[in-house]
Every structure is written in C-alpha cells, then in structure tokens.
Amino acid sequence: MQITLDKAKEIIPADEDYRIVSGVIAMLTEDYRDQPSLESIAGRMKRDPIELQKTFTRWAGLSPKAFLQAVTLDHAKRLLRDENLPLLETTLELGLSSPGRLHDLFVTHEAMSPGEWKANGRGLDIRYGFVASPFGKALLMVTDRGLCGLAFADPGEEEEALRDMTGRWPEAIFHADEAAVAPYAGRIFDEARWRAEEPLRVVLIGTDFQIRVWEQLLEIPLGRLCTYSDIATNIGMPKASRAVGAAVGRNPVSFVVPCHRAIGKSGALTGYHWGLTRKRAMLGWEAAKG
DNA sequence: ATGGGACTCTCGA
DNA sequence: TCGAGAGTCCCAT
C-alpha cells in the first residue's frame, strides 16, 4: 500500500531504523564467541525476526551475518594488507587552503588559517541543526564557507553532542538554523547525490597538525582502511601514531572526513568518538558499497 | 612543564 | 591467541 513511503525509506532510514540496526550490531558483536542468533536478538528487541532481517538488509545492503563478517578482524586485515594504499599519491601542501578532488563524496576543503584557529572561532558565525541520518541523529554545523562540523547523537544525547561541538570553538556565535543546514543534510548520506560537478565544501578548523592528519583521512577511498601508523608515516612523523590517534579523535566533521576508516595496526577498530557501534555501522554500510 | 591518549610492541600465560 | 604493561611521541592546557 505505501510503496512510495517504503521507497523513500530505503534512501535514508529514519532514526528508528538506525536504533534497531545499531542494537543488532551491538548484540551481534558484544560477545562474538557465541554470536547470538537472529532469533534471540529479535526476541530481545521485541521484533519479528524476518522483519528485523529485512530492515537490516535494506539499511546496510548486507545481511546481518555478512555484515558482521565485513567488520571482523580478518576482513580488516585483508583490506590493510591488500594493494598499497593510494595515500601517498598526492603530496599535500601544508597549511592553507588546498582544494582538491578527494574522497568519493567529492569534498573540497579549505583549512582555517592559524590565526583564525587561535581565535577560538571568534568572529565565526556557525549555524547548526539536527537531521536524521543512516547513523542516527546527526548534528550539522555550517559557516558561510562550508560544512565545519558533523556529529552524532543517540536519542536523548543531543544536548551533549551540541555541547561537545560548540565547546570546540568557544568564541564562535551559534544559531540554530535548520534551513541553513538542510542543503547539506540530504546529499551527504545519499551516495546517489555524490558527484564531482557539485563538490561538498568543507572547512577544516584545527591546529596545523590536526589538519594534516584530517587531510590524510580524506585520501582514504571508500571501502579502504588505513592504520594510525600509516597516517603518521605519511605526514612524515612515523613515530607519532599515538598523536595521530588523538588528532583523528578530534575530527570535527565525522563521516565526511572519514575518520571511521582509520583503525589499529592489528586490524582492531580501536575507538570512535561517537561510539564504536557507529564506527562498525559505517564500515559495514560502506563495505556493501565499496 | 605536564598529563594523557581513537597507538604499538613485547612478553607471559 | 589474548591481554596487560611499558615505551614513546606529540598535542593541549
């Protein structure tokens, strides 16, 4: 009966769907020794198993089982080992605005000058709004130069996410403004609308070191992974993997700057600022597209 | 100065 | 295999 509604849902699942999906991912992976069956998960989530399976597959393009495989150690290790990472293909100009191709989303980015960074965002006018995304509720922040922030929040944690983000540029002026954010919201998570002719403008606000790290992240194509130490090597500081980890963790533009594609050398996912389950969700979702 | 990681290695069990 | 502990480096305050 509501075929059109269902179809719309395929493109961007509602928050409710992500809640279900993330619940499944969490249960599937929390104790991988005895991976709970679909039936038992469905039982715990009080859903019909068939329906659950369908929702999940529609969302990720992968069955729960295939999804889990895509996020395991072995898979990650294979991706790391295979083909030399193309990360070295471009030498990045340090410092200010370097536009470029980059990333399947076709991002053009510019970096804030050190002066602007030191001002803690003073003089910056930032508009923000929450939107539904395939990975739960997303908080978008934009300046007139482009997208500067993208965060995620579980239900009830919107305030916390907002504090987290506004705290990064304490001197900036923030306005709630759904309309300003709307043009970005739709196409970020919809790969059908990723096109080179219409690149997504991103502005990176951070220290020089952080910007170098984030630019490296932008070089990781969809479906590929990269280790923290690879990034350290690529920016010419091979021993700074730990500092790289810290910088990756401070990435203000989650997902668009694909910090979820950075993992430990062992193939373990290590951490994610917005929750490991969300990192798994992104990697599994991308595994189906890559 | 100092503290503290979204790291990595090395061992022991 | 797995996990704890220590080493290390560089950012942030």
Side-chain angles (χ1 to χ4, degrees), chain A residues 22 25-26 29-35 71-81 85 87 92 94-95 111-122 135-136 139 149-154 157 160-161 163-172 204-220 224-286:
Chain A
S22 65
I25 295 170
T29 54
E30 72 187 3
D31 187 7
Y32 70 97
R33 280 168 221 287
D34 51 58
Q35 291 174 11
V71 189
T72 55
L73 265 187
D74 284 347
H75 184 258
K77 281 187 193 155
R78 195 171 51 68
L79 281 178
L80 287 174
R81 201 175 39 236
L85 302 167
L87 297 182
L92 292 162
L94 260 254
M112 291 245 132
S113 71
E116 285 172 305
W117 159 245
K118 286 211 191 74
N120 279 326
R122 186 169 319 129
F135 308 106
L139 168 61
L150 175 43
F152 292 96
D154 288 326
E157 290 174 5
E160 198 181 324
R163 261 204 314 280
D164 182 321
M165 293 304 289
T166 54
R168 299 179 188 218
W169 309 297
E171 303 292 334
L204 264 20
I205 311 175
T207 65
D208 182 66
F209 181 83
Q210 288 171 335
I211 299 219
R212 282 197 282 162
V213 170
W214 300 338
E215 286 176 334
Q216 285 297 309
L217 293 175
L218 281 167
E219 294 288 324
I220 311 173
R224 291 279 193 73
L225 300 175
C226 179
T227 68
Y228 298 101
S229 63
D230 287 337
I231 295 171
T233 303
N234 285 352
I235 62 174
M237 306 172 98
K239 296 189 192 159
S241 51
R242 198 149 184 182
V244 165
V248 171
R250 298 288 298 165
N251 168 28
V253 199
S254 280
F255 186 76
V256 172
V257 174
C259 56
H260 53 284
R261 296 179 198 152
I263 66 174
K265 201 170 206 169
S266 68
L269 262 42
T270 59
Y272 194 67
H273 188 78
W274 306 109
L276 258 184
T277 298
R278 194 167 264 112
K279 187 171 184 176
R280 284 196 195 93
M282 289 178 184
L283 291 174
W285 188 77
E286 292 189 342

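Computation of the quantities below employed the complete heavy-atom set of this structure, encompassing side-chain atoms and omitting hydrogens, waters and symmetry-equivalent molecules. As the structure is a prediction and not an experimental result, all values here were calculated from the model.
- Judged by distance alone, the side chain of Trp214(A) and the main-chain N or O of Ala247(A) form a donor-acceptor pair under 3.5 Å.
- Separation of atoms CG (Leu269(A)) and OG1 (Thr72(A)) is listed at 10.0 Å; rounding is to 0.5 Å.
- Nucleotide dA6(B) is matched to nothing when pairs are restricted to Watson-Crick or G-U wobble geometry with both distances under 3.5 angstrom.
- In this entry the distance linking CG of Asp230(A) with C1' of dT8(B) reads 13 Å, nearest Å.
- Counting to the nearest Å, the P atom of dT13(C) and the CZ atom of Arg250(A) are 7 Å from each other.
- We find that CG of Leu283(A) is positioned 18 Å from P of dA6(B), with the value rounded to whole Å.
- The distance from atom CE of Met237(A) to atom P of dG5(B) is 20 Å, rounded to the nearest whole Å.
- Residue Ser241(A) places no side-chain N or O under 4.0 Å from the OP1 or OP2 atom of dT8(C).
- The base-pairing partner of dG3(C), taking Watson-Crick or G-U wobble contacts with both distances under 3.5 Å, is dC11(B).
- Listed candidates were dA12(C), dC10(C), dT8(B). Nearest to the side chain of Thr227(A) is dT8(B).
- Closest to the side chain of Lys279(A), from the set dC9(C), dA6(B), dC11(C), is dA6(B).
- Remark: C1' of dA6(B) and CH2 of Trp214(A) are 14 Å apart, rounded to the nearest angstrom.
- Looking at Arg78(A) and Asp74(A), no side-chain N of the basic residue comes within less than 4.0 Å of a carboxylate O on the acidic one, giving no salt bridge.
- The CD atom of Glu157(A) sits 10.5 Å away from atom CZ of Arg163(A), with the distance rounded to the nearest 0.5 Å.
- Atoms OH (Tyr228(A)) and P (dC9(B)) sit 14 Å apart, rounded to a whole Å.
- Atom OH of Tyr272(A) and atom P of dA6(B) are 14 Å apart (whole Å).
- To the nearest angstrom, P of dC10(C) lies 19 Å from CD1 of Ile211(A).
- Here dC9(B) is the nucleotide among dC10(C), dA6(B), dC9(B) with the atom lying nearest to any side-chain atom of Lys265(A).
- Set against dC10(C), dC7(B), dA6(B), the side chain of Val248(A) has dA6(B) as its closest nucleotide.
- Considering only the side chain of Phe209(A), dC11(C) comes nearest among dC11(C), dT8(B), dC9(C).
- Nearest to the side-chain atoms of Thr270(A) among the listed nucleotides dC10(C), dA6(B), dG7(C) stands dA6(B).
- At the phosphate of dT8(B), OP1 or OP2 sits under 4.0 Å from a side-chain N or O atom of Ser229(A).
- Leu150(A) places none of its side-chain heavy atoms less than 4.5 Å from the side chain of Trp274(A).
- When the nucleotides dG7(C), dC11(C), dA6(B) are ranked by their closest atom to the side chain of Thr207(A), dC11(C) comes out on top.
- Checking the phosphate oxygens (OP1, OP2) of dC10(C), no side-chain nitrogen or oxygen of Gln210(A) falls inside 4.0 Å.
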